[in-house]
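Whatever order the structure lists them in is the order used to number ligands and atoms, beginning at 1. Just so you know, these numbers come straight off a predicted model, no measurement behind them.
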Amino acid sequence: MPEAPIYVTRPLLPDLDAFTEKLREVWDSKWLSNGGAQHQRFEELVRQTLQVDNVSLFNNGTIALIVAAQSLRLQGEVITTPFTFPATTHVLSWNGITPVFCDIDPETMNISPESIEAAITQRTSGILGVHVYGIPCDVQHIGDIADRHGLRVIYDAAHAFQTEINGVGIGNFGDISMFSFHPTKLFHSGEGGCLTYTDPSLKPRIDLLKNFGIKNEFEVIMPGINGKMNEIQAVLGQLVLDMVDDERRKRQALRLQYMTELQNLPGVHFPGVGSEVKDSNQYLVIRINAEEFGHSRDRVYEALREKNILARKYFFPLTSDYNCYRNLPTARPELLPNAHKVASEVLCLPYHGELTPAEVTLICHIIRSLARPAAI
Ligand code: T4K
């Protein structure tokens, strides 16, 4: 067994001396939060990196998404996917909105446009899609549906940092997109996140909402929240940004190695993106078809765990199966067959720049050793 656990991911960490040196600017300024100089610098850098016109930084992605729904005044029902991290669905609850689950596309694993169309009612105010693993939703089709029905579109792009479709940054689609800068993300700022949006007139409202609705010293004009990114996060984010390209190159090499070492293994599939998409390199996910492979995804997960290799079942269970949502009329499993199938097949394997080729070989060897004898 490896001495130390092999984690699904590890955060990029800049040189500690470089970090302390940059922190000196913060110390000298005695300005730690509320839109300081580092925040302003970092916000502009993020805007350029994501190739968007408008961006607002946040203390984490979840609060950013809560504010996104508030800023568009979503209410009633919002159509969403159950194949996601808890935050996506919880954000609707925190806004007093009923999540309406619809099924996913069996290939992209993202919310299916056909299911969206069927789920629209008089109470629907928006669509909340997730670019799961950084694989883009069918943004064109979803945009058409939203236009026809007068709905707003928010994308949870937590996994999609620098994903592009035909050279266009993913943050340019829909009304608002949310990116997470959590340490489990390829790009991070300790904790953090941002919203990107095409309509510049949203900026004042979003920035008010993340600062308690404070207009000035004596006027509070809406019930806002504290969603502000602080200066230390902004410093860390700037330094981590410089490391992202190198990390991507390492991850691309690891992906190639995984694909080579697991190729032709019946029942093991690598979901991917089309040639028009630039991948975010956020996750290395495989799908295990138990019938073809001879063992379930759960057996593979356990076999790796026995060797201290901590792969993760992102995203099992579906959010529609949580106790807080399972009684919703749209949470019934028979309405979500693709989502249930996908959630039972996916496994995120360790994927980060510190992972060695020998570790990838070990992981692939464990998986191959479980396969039907004819397949090895
Ligand atoms: N929408 C979607 C689709 C999301 O996936 C997420 C977050 C959000 C919204 C919300 O965005 P934020 O509010 O978080 O910005 C992790 C992350 O906590 C979460 O941010 C992320 N998605 C989710 C997919 O993964 P856990 O519960 O799996 O984290 P944890 O603590 O088990 O960490 C996973 C592994 O990462 C550890 O085994 C080791 C490594 N790790 C983790 C941390 C925190 C480190 O090496 N260092 C660290 O500091 O949720």
Subset of ligand 1 atoms that lie under 4.0 Å from at least one heavy atom of Thr9: 36 (O), 39 (C), 40 (C), 46 (O)

Parallel, tilted or perpendicular, as decided by the 30° and 60° cut-offs, for the rings of His159 and Tyr133: parallel

Enumerated ligand 1 atoms positioned under 4.0 Å from heavy atoms of Ala87: 8 (C), 9 (C), 10 (C)

Distance under 6.0 Å and angle within 45° of ring axis: Lys185 vs Phe161: no

Contact partition for His159 relative to ligand 1, non-hydrogen atoms under 4.0 Å: side chain

Side-chain (Asn230) to main-chain (Ile232) donor-acceptor, under 3.5 angstrom: yes

Nearest-contact summary for atom 35 (C) of ligand 1 - protein heavy atom, Å: Val8 CG1, 3.9 Å

Contact check: Tyr314 vs ligand 1, nitrogen or oxygen atoms, below 3.5 angstrom: yes

Ring centre gap for Phe181 and Phe187 strictly below 6.0 Å: yes

Side-chain heavy atoms of His39 within contact of Lys228, under 4.5 Å: no

Sub-4.0 Å protein heavy atom near atom 31 (O) of ligand 1: no

Distance from atom 39 (C) of ligand 1 to nearest protein heavy atom, with residue and atom: Tyr7 CD2, 3.5 Å

Ring-ring centroid check His90 Tyr325, cutoff 6.0 Å: yes

Element-labelled atoms of ligand 1 that are located less than 4.0 Å from some non-hydrogen atom of Tyr283: 24 (C)

Main-chain N/O of Gly353 paired with Glu247 side-chain donor or acceptor, under 3.5 Å: yes

Polar contact flag for Phe181 and ligand 1 (N/O pairs, less than 3.5 Å): no

Flag side-chain contact, heavy atom, 4.5 Å: His131 against Tyr155: yes

Cation over ring face, Arg10 and Tyr351, 6.0 Å, 45°: no

Contacting atoms of ligand 1, where contact means under 4.0 angstrom from a heavy atom of Thr88: 1 (N)

Where ligand 1 meets Gly192 - atom numbers and elements under 4.0 angstrom, heavy-atom basis: 15 (O)

Atoms in ligand 1 with a heavy atom of Thr84 nearer than 4.0 Å: 3 (C)

Atom indices of ligand 1, in the order listed, that fall short of 4.0 Å to a heavy atom of Pro11: 45 (C), 46 (O), 47 (N)

For Arg10, the ligand 1 atoms whose distance to one of its heavy atoms is below 4.0 Å: 45 (C), 46 (O)

